[in-house]
Amino acid sequence: MAPITRMAAFGRGAIPTSAGLRVGLGRVVSVLFTLLGLLALTFFIGRLLPADPVLAVTGPEVTKATYDRVYLELGLDRSVWQQFLGYIGGVLQGDLGRSTTTGQPVMQDLMRAFPATLELSLAAAIVGSAVGIPLGIAAAVNRGSWIDHIARIIGLAGYSIPIFWMGLMGLFLFYAKLHWVGPSGRVDIFYEGMVPPVTGMMMVDAAIAGDWTVFRSAFAHLILPASVLGYYSTAYISRMTRSFMLEQMTQEYVIAARAKGLSRSAVIWRHAFKNIRVQLLTVVALVFGGLLDGTVLIETVFGWPGVGQYLTRGLQFNDINVVMSTVLMIGVLFLTINVVSDWLYRRLDPRTR
Amino acid sequence: MSEPRLLQLQDLRVSFHSRDGVVDAVRGVSFSLGREKLGIVGESGSGKSMTGRALMRLLPSTATMHAKTMRFGEIDLLAASERQMCQVRGRHIAMIMQDPKYSLNPVVTVGKQITETYRRHRRTGGRAARDYAIEMLDAVKIRDPARVFHQYPHEISGGMGQRVMIAMMLAAEPSLLIADEPTSALDVTVRFEILQLLDELIQSRHLGVLFISHDLNLVRRYCDRVLIMYAGQVVEEIEADRLNEATHPYTRGLLDSMPRIHRPRHRLPVLQRDPAWREPLTADER
């Protein structure tokens, strides 16, 4: 998205409305092109998978007549281009095909799995930033001291300890021994289905329904996997924060701010931190994107019915539609994150407006 | 010199410790300063900027400093805690830096950077600080101060940036101003305006100024007194209007290396450096 950003800065002198319109239009076009590329990619993933789409529907024991009928029904006799256009048309109408393993439309499955993953990775990103950013800043402003070393050890541990092991140990300690958190799953079994799904995110739905018992249960189930996942991303966030901050602390404007008599904390938060927000945003957006598709292990350990689990099962059983659609959805998500963070850049950095 | 001295500095030493050994940036600098304009001239690395920074105790963290005396009025700058130094900086001693492109925070509005100084030391409300900041912008001769107040540093020119810098540093009415190459990053045409503005403010506010520069001609015209620094030491101290009578060979060499319009020369002489200039000065040489 860098060229667009530069365009925005370049067009600043021109008439604001037309320049703004041009930039906005440019962004829409670029997003559409990326989307088209993404669709082409998932389409060819579907064609390259070593699975016969007909056999996936019918099962291996099939007569020649049935095989041919399904072959025609799936439109496989058409040219590749026609098939591709048909695929795009289907996607635009929300038709992602049917999953051969669950027997449900993929769209319906994803609508259930995606909010679970979104809830988990959002919570993890919040934990990761809430711990990682202050840790990185503390390390930077106390460079070389014991605080810096401890921050480094905390970060390194989060990065090196296998996430499934940490999940299991967490369950063992905080659930089995201390009873602080819930076991696997998203909510205690007897609360399952008690709140009407609005967003699909259990805590949010419970809050909307005003059912605080379910809310507490959902929180107890979310906190451990989110913390384990968040701790993993803490390492990256804190190291990046530290290096961004170190770079800023030697800048002239920091010395100028100190020369005005500002206190240490005012210099750090009101001056240096304000200058790393844009860079941090990139890091957190990337981490968040990575969390979304990187939750497979933690979803398995915690029996979390999310996208990671869904995709793994789809791959195991050669479920073409599931694989194609999940990849497409993750791609669309990255695109969304990109657009949102691009918009946030503009809000945070006056030079890009 | 009946007036009490603003600043007294004796035997300032600044050194940097690195893996490759110790580098002495400032080696025993002493001077005192009243409400006058004192220039420090020297080449890059002569220790002039570090002297200025040391006075505000704003040296890089890798530096260590020692001095026999470093007093600002009644305040002992050596014994002051970091907390007390925060009261001194901005309020009593302020510093104008070289390039507003780097010394103004790019993501904070001009107005906020000025009010910040004022509110830090005067503890006023936002409204009063805002009015005052606009007054300050007016005092540094910025047209349409109410508009500039809301602008970001990248939206204004270099000359305006330096005016903002001056407004920001003088907002809490300090009595000593350290100007570290305040015009070196500016266009020649703007340079004169900024110097003139600075001079007016110095006169009207009755400030003491430490003017750090590498420009001998500028310092000669601008200051009352000049210190010539070489390799971390003051090799010569002289009244600005008597600079032509300077005796130290380094100063003479500098003066001789300057081109003059009415005496065309084929080639400017290259300064021949005598290793003896680096030797520590004896007590009476200081």
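Within every chain, numbering begins at 1; the chains are lettered A, B, ... in the order of the sequence lines, protein sequences first and strands thereafter.
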Chemist: Is B/Arg53 in contact with chain A via its backbone, its side chain, both, or neither, using a 4.5 Å heavy-atom distance?
Modeler: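 Contact with chain A involves the side chain of B/Arg53 alone.
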Chemist: Do other residues, nucleotides or ligands put more than 12 heavy atoms under 6.0 Å from the NZ atom of A/Lys274?
Modeler: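 For A/Lys274, atom NZ is crowded (more than 12 foreign heavy atoms under 6.0 Å).
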Chemist: Quick check on B/Met85 against chain A: is it the side chain, the backbone, both or neither that has a heavy atom closer than 4.5 Å?
Modeler: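 For B/Met85, neither part sits under 4.5 Å from chain A.
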Chemist: Which bit of B/Ile96 is near chain A, if near means a heavy-atom gap under 4.5 Å: side chain, backbone, both or neither?
Modeler: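 Looking at B/Ile96, nothing touches chain A.
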Chemist: Taking the side chain as every heavy atom from C-beta outward, state whether B/Val107 and A/Pro350 have any pair of such atoms under 4.5 Å apart.
Modeler: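 The answer is yes, as the side chains (C-beta and beyond) meet within the 4.5 Å cut-off.
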Chemist: Between B/Ala171, B/Pro153, B/Ser103, B/Pro100, which shows the greatest number of heavy-atom pairs under 4.5 Å with chain A?
Modeler: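 Ranked by contacts with chain A, first place is B/Ser103.
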Chemist: Taking all non-hydrogen atoms of both residues, which atom of B/Met165 and which atom of A/Ala256 are closest, and how far apart?
Modeler: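 Smallest heavy-atom distance, with atoms named: CE-CB, 4.1 Å.
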Chemist: Measure the spacing between CD1 of A/Ile255 and CE of B/Met56 and express it to the nearest 0.5 Å.
Modeler: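 Nearest 0.5 Å value for the CD1-CE distance: 11.0 Å.
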Chemist: Mark yes when over 12 heavy atoms from residues, nucleotides or ligands other than A/Arg143 sit less than 6.0 Å from its CZ; otherwise mark no.
Modeler: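 Open.
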Chemist: Measure the shortest side-chain to side-chain distance between A/Asn275 and B/Pro106 over non-hydrogen atoms and say whether it is less than 4.5 angstrom.
Modeler: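 Result yes, sub-4.5 Å side-chain heavy-atom pair found.
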Chemist: Hey, is CZ on B/Phe31 packed in by over 12 heavy atoms from elsewhere, all under 6.0 Å?
Modeler: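 Count over threshold, so yes.
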Chemist: Does a sphere of radius 6.0 Å around CZ in B/Phe16 hold more than 12 heavy atoms from other residues, nucleotides or ligands, not counting ones at 6.0 Å or beyond?
Modeler: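 Yes, enclosed.
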Chemist: So what's closer than 4.5 Å to chain A heavy atoms on B/Tyr152: side chain, backbone, both or neither?
Modeler: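 Looking at B/Tyr152, just its side chain touches chain A.
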Chemist: Are side-chain heavy atoms of A/Glu252 and B/Leu104 found at a separation under 4.5 Å?
Modeler: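 A side-chain contact is absent here, since even the closest heavy-atom pair is not under 4.5 Å.
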Chemist: Can you tell me which portion of B/His121 sits under 4.5 Å from chain A's heavy atoms? Options are side chain, backbone, both or neither.
Modeler: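 Just the side chain, heavy atoms under 4.5 Å.
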Chemist: Is the number of heavy atoms from other residues, nucleotides or ligands within 6.0 Å of CZ (A/Phe273) greater than 12?
Modeler: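 Yes, CZ of A/Phe273 has more than 12 neighbouring heavy atoms, counting only those of other groups under 6.0 Å.
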Chemist: How many angstroms lie between atom CZ of B/Arg120 and atom OG of A/Ser263, to the nearest 0.5 angstrom?
Modeler: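 Reported to 0.5 Å precision, the distance equals 6.0 Å.
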Chemist: Quick one: are A/Lys260 and B/Met95 in side-chain contact, heavy atoms under 4.5 Å?
Modeler: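 With C-beta onward as the side chain, the pair stays apart.
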Chemist: Starting at OH of A/Tyr253, measure out to CE of B/Met97 and round the result to the nearest 0.5 Å.
Modeler: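 The CE atom of B/Met97 is 11.5 Å from OH of A/Tyr253, to the nearest 0.5 Å.
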Chemist: With a 4.0 Å cut-off on N to O distance, would you call A/Arg258 and B/Glu116 a salt bridge?
Modeler: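 Salt bridge absent between A/Arg258 and B/Glu116.
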Chemist: Among A/Ala257, A/Ala259, A/Ala266, which residue has the highest count of heavy-atom pairs closer than 4.5 Å to chain B?
Modeler: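 The option with the most such pairs is A/Ala259.
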Chemist: I'd like to verify something: which residue of B/Ala172, B/Ser61, B/Gly90 has the highest number of heavy-atom pairs under 4.5 Å with chain A?
Modeler: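 Highest number of pairs under 4.5 Å: B/Gly90.
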Chemist: Between A/Arg270 and chain B, with a heavy-atom cut-off of 4.5 Å, which part of the residue counts as in contact: side chain, backbone, both or neither?
Modeler: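 Interface part for A/Arg270: both.
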